[in-house]
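Worksheet: the structure to be examined is printed underneath.
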Amino acid sequence: MTDANPVDWIGSSERVADTLDPVHAARIAATLGEPAPAAGAALPPLWQWAYFIKPVEGAGLGADGHPARGGFLPPANDRNRMWAGGRVEFLAPLRVGVPAERVSTVADVKEKTGRTGSLLFVTVRHEYHQEGRLAIREEQDIVYRQPSPPRLEGSEPAPEAQWADTIEPSAVLLFRYSAVTFNGHRIHYDHPYVTETEGYPGLVVHGPLIATSMVAAFRRARPDARLSHLSYRGLRPLVSPKPFRAAGAIAEPGLARLWAEQDGTLAHQAELRFEA
């Protein structure tokens, strides 16, 4: 079906079950420098991205290390994949060590034209169920762009922060995050590939890792807050090993603005709704 219209993939779905293994939670914690949650404890926000992974053997991967498109996701031949953003609704915490299931559906596919050429936007909806209830509802926006020089410089200044964590995206951190999320995308660990084929000056920091870092910085600043909804988007990539800051500020009661900044300009930004 690789020669079909990508719009034909709207409605495509898959189910993936997971036991939310506590040993794997400890690996994620070690990667992120966080305390490891015990069996039965709440899985920290956005750690679900390191679970519910449908493994694909090497023969089923594309040249970029991602699963070849044309299965669950629509074909996007000869284009580079980027995680553009998404929205997450936190309804109930997932519990470590308790079986759960993710149901994923291709919700929308759109072709647009940008400054760098043709762009294919794919929105995937995920619903995470555990013990008969819906725990998390989210949408991920994935964009496939024609090969072109990446935009690396920021133009929007970062606002004044009320809290901030400094993240050093070393090659080891990026490799370990790729490992715990079973992410084979070569831009995160293969220096010759990312510089010679995709045109970046170094290894690219994962969009999910940036979003996770922004939320973790908020939770350290407001440990008693209960998260309800997150919307986030990438403005430009962050490249290893240069440090960046995961920062934020309260915009109004129950609403925080989060961002990742480097050299004083924004790279990613988010809005987080919460209950005190």
Side-chain angles (χ1 to χ4, degrees), residues 14 16-18 20-21 23-34 43-74 76 79-86 88 94 102 104 106 122-124 126 128 136 138-145 150 167-195 197-198 200 202-216 232-234 236-241 244 246 260 267-268:
E14 68 176 15
V16 181
D18 204 301
L20 300 186
D21 180 20
V23 175
H24 191 58
R27 297 188 187 107
I28 304 167
T31 299
L32 300 176
E34 300 280 358
L43 188 72
L46 306 185
W47 287 26
Q48 74 269 16
W49 292 336
Y51 288 97
F52 305 98
I53 296 160
K54 188 174 183 179
V56 177
E57 63 182 20
L61 301 178
D64 62 358
H66 269 303
R69 270 88 71 178
F72 169 61
L73 291 174
R79 302 198 199 193
N80 296 333
R81 172 174 170 162
M82 298 171 58
W83 182 308
V88 185
L94 290 170
R102 187 191 71 194
S104 304
V106 176
V122 179
T123 299
V124 180
H126 300 295
Y128 300 82
I136 300 171
E138 74 166 303
E139 290 184 340
Q140 295 175 0
D141 299 326
I142 303 167
V143 60
Y144 299 96
R145 64 176 179 86
I167 314 297
E168 296 187 5
S170 67
V172 172
L173 171 60
L174 301 192
F175 175 83
R176 293 179 78 179
Y177 190 77
S178 288
V180 297
T181 57
F182 205 66
N183 182 349
H185 197 183
R186 294 168 65 186
I187 65 172
H188 303 304
Y189 61 87
D190 186 336
H191 195 273
Y193 172 83
V194 72
T195 55
T197 301
E198 296 211 14
Y200 293 92
L203 300 177
V204 178
V205 184
H206 311 67
L209 176 57
I210 297 170
T212 300
S213 299
M214 292 190 294
V215 171
Y232 61 94
R233 67 188 183 104
R236 62 181 173 96
L238 291 172
V239 177
S240 172
F244 66 91
H268 286 233

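Residues His126 and Gln48 form no side-chain contact, since every pair of their non-hydrogen atoms from C-beta on lies 4.5 Å or further apart. Taking the side chain as every heavy atom from C-beta outward, Ile187 and Asp64 never approach each other to under 4.5 Å. Between Leu238 and Pro169 there is no side-chain heavy-atom pair separated by less than 4.5 Å. Within the 4.5 Å cutoff, no side-chain heavy atoms of Ser240 are placed close to those of Val204. Between Ile210 and Tyr232, the closest side-chain pair of non-hydrogen atoms is not below 4.5 Å.
Take Tyr200 and apply the side chain to side chain donor-acceptor pair (under 3.5 Å) test, not counting sequence neighbours, and it matches Arg145. Judged as a side chain to side chain donor-acceptor pair (under 3.5 Å), and not counting sequence neighbours, Tyr51 has no contacts. Residues passing the ring pair (Phe, Tyr, Trp, His ring centres under 6.0 Å) test with Tyr128, sequence neighbours excluded: Phe52. Every side-chain contact (heavy atoms from CB on, under 4.5 Å) that Pro44 has, sequence neighbours left out, goes to Pro37, Trp47, Arg219. Scored by the side-chain contact (heavy atoms from CB on, under 4.5 Å) test, Arg186 finds Tyr189, Asp190, Tyr193 as partners (sequence neighbours excluded). Among residues two or more places apart in sequence or in another chain, the side chain to side chain donor-acceptor pair (under 3.5 Å) test is passed with Glu139 by Arg87, Arg125. Under the rule for a side chain to side chain donor-acceptor pair (under 3.5 Å), the partners of Thr123 that lie at least two apart in sequence or sit in another chain are Asp141.
Note that the CD1 atom of Ile28 and the CG atom of Leu43 stand 6.5 Å from one another [nearest 0.5 Å]. Rounded to the nearest 0.5 Å, atoms NE2 (His66) and CD1 (Ile142) are 8.0 Å apart. To the nearest 0.5 angstrom, Tyr144 atom OH is 12.5 Å from Met82 atom CE.
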For residues 171-184, please give each side-chain donor-acceptor pair under 3.5 Å, one per line with the distance, not counting sequence neighbours.
unit_1 : atom_1 : unit_2 : atom_2 : d
Ser178 : OG     : Leu174 : O      : 3.1
Ser178 : OG     : His206 : NE2    : 2.8
Thr181 : OG1    : Tyr177 : O      : 2.7
Thr181 : OG1    : Ser178 : O      : 3.4
Asn183 : OD1    : His185 : N      : 2.9

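Here salt bridge (Lys or Arg N to Asp or Glu O under 4.0 Å) pairs that include residues 48-63, with residues two or more places apart or in two chains, are Glu14-Lys54.
The two residues Val122 and Pro74 have their closest heavy-atom pair at CG2-CG, 3.8 Å. Nearest approach of Asp18 to Asp21, heavy atoms of both residues: OD1-N, 4.3 Å.
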